[in-house]
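Presented below is the structure to which this report refers.
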Amino acid sequence: MKRFCMRFYLALAFVFLYTPILILIVLSFNDSRVRSSWGGFTLKWYAQLFSDATLLTALKNTLSIALISAGIASLIALMAALGVDAMRKNHAVVVINLGNIPVLNADIVTGIILMLTMGRFMKLGYASILIAHITFNIPYVFLSVLPAIKNCNRSVYEAARDLGADAGTAFFRVLLPDIMPSLMGGFFMAVTLSMDDFVVTYFTRGAGIDTLSTLIYGQLKRGLKPEMYALSSMIFFVVLLILIAGNLIPGGAKRRDNDAVWKRI
Amino acid sequence: MEKTLIQNDILIDLKHITKSFGSHMVLDDFSLYIRKNEFVTLLGPSGCGKTTTLRIIAGFETPDTGEVFFEGKNINSLPPEKREINTVFQKYSLFTHMTIAENIAFGLKIRKKPKAYIEEKIKYALELVGLTGFEDRCPETLSGGQQQRIAIARAIVNEPKILLLDEPLGALDLKLRQSMQLELMRLKNELGITFVYVTHDQEEALTMSDTIVIMNQGYIQQIGTPEDIYNEPENAFVADFIGDVNMLDGKVISKSAVEMLGTSFPCTDEGFEAGTKVDVVIRPEDIVLTNPGEGTIDGLVEEVIFKGVHYQMKVRCRGYAFFVCSTVCREAGSKAGLQIDPFNIRLMPKPQSDDERAVHEE
């Protein structure tokens with residue numbers, strides 16, 4: 001009986017989690033503009049998706065902002081984490097806590113602050129979205145990399161120096177490969193956060209530029225086009241593929257990667 | 001002539017080194033020289049400054065004041081990668097994302113040695129540490145002892161003049177530690193390089209070293225051969241740290257007698273004036289148990305523990321529990337006499353100043 005309850009509960013949880021996604025996928029193949037009726041199987045929404053110029057531009061913006069902001073944020077966060085690691089303990093605690101505040105801050109506050117600040121110095125547009133995304137991504141990568149740097153055996157770096165490597169060589173050949181899994185974990189976290197973001201983007205984008213999230217929001221007022229179901233389904237499948245690939249690749253890298261994510265949560 | 005000979009023999013010369021971290025003084029006016037082809041062990045409790053000394057030699061720490069000489073040249077500001085010194089770290093510190101062969105080749109590749117030379121060296125080093133055929137394995141798949149041997153192989157392929165070892169056997173179990181001790185001694189003899197070894201394990205130090213440097217709280221307590229240190233400890237700290245001892249308060253009566261526990265014991269340790277208060281040190285294996293009344297003092301056997309080769313007994317005499325090791329067993333609860341050879345009773349001056357006293361307190 002207990003066993004049955006456990007299984008039933010688990011099944012229920014998965015039903016609630018995956019039914020909406022399943023509905024979305026089904027709708028993306030539905031040859032009818034109305035959600036409530038099934039008009040037969042079609043791929044036309046997928047075809048339209050790739051001929052919709054506004055949508056493709058928004059997709060391109062989303063992807064480029066996500067990758068570039070995550071990349072730059074990772075670089076800055078890595079340097080920050082290395083610096084904090086070298087600090088004395090009480091100083092480091094202050095810096096880490098200051099770094100935590102933006103993470104806890106509500107998106108809407110972050111968005112307004114960034115809009116106000118950047119609006120004074122530049123025209124809002126692609127660049128301001130990018131800067132905003134870099135800004136809110138840094139703490140996430142920082143918090144992902146710092147434990148890895150702390151955990152990584154300090155004497156490994158010293159061992160490299162001892163064997164004749166200068167500071168730079170020791171860093172790039174020994175220390176960096178060691179913290180790479182966590183850095184990549186932080187990078188992908190940042191990519192996801194950036195792609196997900198609506199609030200901050202909405203405030204800092206200015207006129208005439210859209211990312212996927214702001215575009216979909218704009219279209220909501222006129223009713224959602226079925227192309228969006230197709231797009232959302234595709235994003236889901238891409239994420240699913242990445243997840244499966246990540247789990248199939250054997251070795252310690254993935255394990256430590258997960259550790260880093262768990263630590264953050 | 002003789003003097004220059006001795007000078008040439010010195011590989012590392014530390015002169016008046018002080019080093020502190022924050023307000024904590026780790027080394028205070030520390031001087032030590034190490035000869036070529038010597039196996040020197042820095043021995044002491046944790047926090048005594050032995051690892052800091054090693055790190056100063058390796059170049060990971062710079063002394064606040066004082067000078068480090070390597071073959072007569074000042075190397076204070078020479079970074080670790082430029083020193084002809086390699087280190088075997090306590091935590092092995094193998095590069096986990098590289099294979100064993102890549103680990104061993106690391107130093108050679110950085111020095112841009114030819115490929116054939118590197119291959120040959122890897123083979124030679126693995127053979128030397130008894131791990132032939134491990135080239136393509138990953139460090140994670142090796143046991144602790146194997147990883148440690150790879151760490152040693154990785155260091156020695158660079159043909160350093162000095163090999164520094166920072167408690168390299170600390171994480172291994174007793175059996176493995178003992179066989180690695182013999183292995184290290186064999187390596188040292190085969191390679192003919194100077195070993196500087198850091199440990200807090202006195203047995204390890206006694207087994208392997210040519211010279212032991214006993215340290216406590218940043219000071220050198222005694223330098224000597226294992227025999228010297230064990231048989232002729234210079235002060236109570238050394239005596240206590242090396243092996244088990246009985247330490248009692250005593251008063252010198254004459255040149256050949258000391259009074260302790262209200263009894264006069266014959267001794268041969270001279271150099272004290274009559275009436276001087278001293279610390280008396282007696283090794284447990286130097287006490288001979290006799291029938292009651294036949295020894296210098298009588299006592300009650302309180303406890304007997306069988307230790308394999310010998311019995312370890314606690315014999316209480318007038319309030320003091322003597323620690324006795326003997327191959328002859330006396331039953332607990334029985335009376336026994338204690339007989340101590342005069343030359344096995346060692347007298348040590350009581351600490352005078354606060355500084356000296358600090359040395360005794362752990």
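Only a predicted model underlies this, so the values are computations on that prediction, with no experimental measurement involved. So that the names make sense, note that chain A is the first sequence line, chain B the second, and so on, each numbered from 1.
Residue contact with chain B, scored on non-hydrogen atoms closer than 4.5 Å, is absent for A/Arg88. Looking at A/Ala167, the atoms closer than 4.5 Å to chain B (heavy atoms on both sides) all sit in the backbone: N, CA, C or O. Heavy atoms of B/Ile85 lying under 4.5 Å from chain A belong exclusively to its backbone. With a threshold of 4.5 angstrom between heavy atoms, B/Arg154 approaches chain A through its backbone and through its side chain. For A/Thr169, the part lying near chain B is the side chain, with the backbone staying farther off; criterion is any non-hydrogen pair under 4.5 Å.
The environment of A/Lys150 atom NZ is dense: over 12 non-hydrogen atoms of other residues, nucleotides or ligands sit within 6.0 angstrom. Counting non-hydrogen atoms of other residues, nucleotides and ligands closer than 6.0 Å to CZ of A/Phe16 gives a total of 12 or fewer. Atom CZ of A/Phe50 sits in a sparse spot, with 12 or fewer heavy atoms from other residues, nucleotides or ligands closer than 6.0 Å. Within a 6.0 Å sphere centred on CD of B/Glu127, other residues, nucleotides and ligands contribute 12 heavy atoms or fewer. At most 12 non-hydrogen atoms from other residues, nucleotides or ligands lie less than 6.0 angstrom from CD of B/Glu120. No more than 12 heavy atoms of other residues, nucleotides or ligands lie within 6.0 Å of CZ in A/Phe172, so this atom counts as exposed by the packing criterion.
In terms of heavy atoms, A/Ser155 sits closest to B/Phe89 at CB-CD2, 3.8 Å. The two residues B/Leu94 and A/Val156 make their nearest non-hydrogen contact at O-CG2, 4.1 Å. Of all the heavy atoms in A/Val174 and B/Met98, the pair that sits closest is CG2-CE, 4.5 Å. The two residues B/Arg111 and A/Gly164 make their nearest non-hydrogen contact at NH2-CA, 4.1 Å. The two residues B/Phe106 and A/Ala165 come nearest to each other via the heavy atoms CE2-CB, 4.0 Å.
Separation of atoms CZ (B/Phe60) and OH (A/Tyr157) is listed at 9.0 Å; rounding is to 0.5 Å. Distance check, rounded to the nearest 0.5 Å: CD of B/Glu81 to CG of A/Leu163 gives 11.0 Å. Taking OG1 of B/Thr87 as the start and CZ of A/Arg161 as the end, the distance is 12.0 Å to the nearest 0.5 Å.
Proximity of B/His97 to A/Met180: side-chain heavy atoms (C-beta onward) are nowhere separated by under 4.5 Å.
With B/Asn86 contributing its side chain and A/Asp162 its backbone, the two residues share a donor-acceptor pair below 3.5 Å.
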